[in-house]
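Just follow the structure's listing: the first ligand is 1, and inside any ligand the first atom is 1.
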Amino acid sequence: MISASEPTRAGAVASTTVVTHNDPAAGTRVPGPTPATRRVLSARAVTGATRAFEDSLHPKTFRWLAALFEERVGIRLPPAKLCLVESRLRRRVRALGLASLREYAALLKAPERLAVEFPNLVNALTINKTDFFREPAHFSCLRDRALPDVMARTGAGHTRPLSIWSAACSTGAEPYTMAMVLSEYARTQGAFRSSVLGLDIDTDALAVARRAVYPAAMSDPIPEALRRRYLLKAREPQNATVRIAPEVRRMVTFQPINLLSPDWGPAGSADIIFCRNVLIYFERHNQEKALRGLCERLRPGGYLFVSHSEALHGMALPLRSVAAAVYQRLGAAPTGEA
Ligand SMILES: C[S@@+](CC[C@H](N)C(=O)[O-])C[C@H]1O[C@@H](n2cnc3c(N)ncnc32)[C@H](O)[C@@H]1O
């Protein structure tokens, strides 16, 4: 996904060559450059364009990087993402005080330097788009079906805290939405205990999640009553941010994980896992690998929520479909058709 703010390769080159001749704001015509000036400008444009061209990833290097990234993280980087990748990696070039993407690529190719840089590379290239109450039907299903069912069958919530995970939680909107839903649920249940765990590979995203401060506009999808109960407004009127209230923050902890590594994550297991809008970036074999890992950590009878755009059809997983993009972990049987 290329966001509007990411300059395209064409845009980057064009910005070095456009020369304005008119000043519509003043309503007067500004004389165009003389032939001599035009030659200088055009020489500069060529230099700029050449620099932009030079500061790019060689196609072979891009293929190498894409293969490495997919193998380790799961995310596909098809050739159409070249400009996005270059644009994001230029920030790493600047942060490291390097001269060019070529230098950065050389750094990545040195194994001991790659080991140090890899977490930053991951943080630079992940796609973190998220929202509160994203795909809201899932939160109704959580409240009306998954929570009552898990409680009735296992006593979770009363005899022990009910455990719910947001796998690939990005900057925290999903786990905090869960915590708000759980808090509302607790109001109807008496002594109800639960915990939320937010998991993601991107440590920058997790830092934002822990801070729990968001642009006020991001809170629009949160129902008004919950906004009043669980969000704090900044004191200064010019500060258009909201912070998650302490009682909700206290319910949520965060931990870095890689869904593709065999031994990721916390000890113990979850009653309910959301893993949404991440598998869509993976090839099918990596989707299955990640889903098998999730199933291993989900209690029998527990619920798995994926995104509506992520189909599990035909995968050999111990899951049965119970609602749109909602699955239930089968009992003792190790495999089954989803
Ligand atoms: C588009 S966000 C989805 C956020 C949230 N689940 C939602 O639906 O709004 C995808 C997240 O997946 C994370 N991610 C990508 N690959 C991952 C991996 N291999 N292990 C863990 N998290 C990963 C990214 O860092 C990113 O924050």
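- Between Ser307 and the options His138, Arg276, Glu135, a side chain to side chain donor-acceptor pair (under 3.5 Å) holds for only Glu135.
- Checked against side-chain hydrogen bond (donor to acceptor under 3.5 Å, both in side chains), Asp149 has the following partners two or more places apart in sequence or in another chain: Arg153, Tyr303, Gln328.
- Residues with a heavy atom under 4.0 Å from ligand 1: Val73, Ile75, Thr126, Ile127, Asn128, Lys129, Thr130, Arg134, Ala168, Ser170, Glu174, Asp200, Ile201, Asp202, Ile257, Asn258, Leu259, Arg276, Asn277, Val278, Phe282.
- Sequence neighbours left out, the pairs with a member in residues 204-220 that pass side chain to side chain donor-acceptor pair (under 3.5 Å) are Asn123-Asp204.
- For Asp131, the side-chain hydrogen bond (donor to acceptor under 3.5 Å, both in side chains) partners at least two apart in sequence or on another chain are Lys129.
- In this structure a side-chain-to-backbone donor-acceptor pair under 3.5 Å is present from Gln287 to Leu279.
- For the residue pair Glu117 / Tyr104, a side-chain donor-acceptor distance below 3.5 Å is found, with atom types taken as modelled.
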